[in-house]
Amino acid sequence: MSLLIKNGRVITATDDYQADILVQGEKIVAIGKDLPAHDAEIIDASGLLVMPGGIDPHVHLDMPFMGTFSSDTHETGTRAALHGGTTTVIDFVLQKQGHSLREALDEWNSRASGTAVGDYSFHMAVTDFNPDTKAEIKTMVEQEGITSFKTFMAYKGALMIDDRQMTDLMQEVRQQGGMVTVHATNGDVIDYLVAKHVAEGKTSPLYHYLSQPEVTEAEASARFTDLANYTGCPGYIVHMTCEGALNAVRNATRRNQKVYVETCIQYLLLDASKYDQGFESAKWVMSPPLREAKDQETLWAGINQGLVNIVATDHCPFMWEQKLMGKDNFAKIPNGHPAIENRMELLFSEGVNKNRISLNKYVEVACTNPAKIFGMFPKKGTIAIGSDADIILFDPKEQHTISAATHHMNVDYSAYEGWPLTGRVKTVLLRGKVAVDKGECLVPKGYGQFIKRNKVSGKI
Ligand SMILES: [Zn+2]
């Protein structure tokens, strides 16, 4: 089975040219001018951008959290991702305290395997680092292809590890060829502020925001960066939101250190004024919270300075009824918002169309860097001979609007309801198959494959 994509404008992280792309089986086998069709099925891409499938390296599907589960399963979440032009996601396996990494991986495999529609991989979140856990790191890297280990400096008593565990973990992960990623906020300070606000009867979603001031993220980002520098372990900070945190990484460049930085689409586009809407604000209760206009400016600039490497989502949707668990206490609102389907179109519309980033930078931060940093390049993340045929055909001019009434995520509200978009995903190929066309998903549940990842070098 061959497909020939004709007359498109091919965009990668570095190139921009008119060409045809020939796909055979799951791979791209030729790129050139006026390629002959032979018996290939022809897809006409005239007037369209032809880009690599998006990679969202930060999603939480079917995740047990705060007494409930995030509402998108691996099936609904990866299908919604495909509709939005994201062909691969990296989900988080959460170790339970007192249990092994293996048990957690088995649990996640039981939910994702045979149900995912799009391709996926896993990060392993280490929440209980002890000699037994330490012995499992090598197996995860070498046998399972899980090369990134997520840590939490917050959520004390549930997910947080302390600096002693962090240092030990970093030394082991470095030795095994992996990377440590981090939710970098100061858990002790946040716990204190949450308890103080609740004791004072300040229980609305606004106090979720006021319990996680910028300093909690800036301090932890600097501490993580220092420990990564000391241990020599490749480091990656997830969902960075603010100027103070990015400056910690900027300062580290002065001692020739590189720490990777991910931000998420919401931190570029939304701000803390969302917390002025009474309980409605629960839609945007996430950690870290939305910040200020000056932070958005810093993050956009950081992308262009090469300090911010990836734009992800931290997709973690909850139905409105689940959000209501916190109607009397912000600390009980399940944290997270839905965005897996909206990231590629929002970043194009707000980033490329509004001239904040170039077209090549768009592909770099949404597709190529996630593949490079997490050990999937050049199988994923680019358009090249030999790469997986994960390709999106994108109309840069079509106008449409985001709405919960038309989205495919399993959640009954949109965090971007009514948001006008210029630019739309028209057709999506995943490993050589037309996965989405004209708003229809054409691949079945279970088509998605687990992607084993290579060791990471900490260099891209
Ligand atoms: Zn997350």
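Atoms within each ligand, like the ligands themselves, are counted from 1 in listed order.
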- Mind checking whether F348 and F394 have parallel, tilted or perpendicular rings, split at 30° and 60°? tilted
- Query: Taking 2.8 Å as the cut-off, does an N/O/S atom of H60 lie below it from the Zn ion (ligand 1)?
  - Reply: yes
- Task: Look at the N, O or S atoms of C316, main chain and side chain alike, and state whether any lies under 2.8 Å from the Zn ion (ligand 1).
- Result: no
- Which atom of D314 is nearest the Zn ion (ligand 1), counting N, O or S only? It is OD1
- Message: Between F149 and F129 (judged by ring centroids, cut-off 6.0 Å), do the two rings come close enough to count as a pair?
- Response: no
- Item | Side-chain ion pair, K274 and E280, N-O less than 4.0 Å | no
- Task: Indicate whether the side chain of S113 and that of N109 have a donor and an acceptor atom separated by less than 3.5 Å.
- Result: no
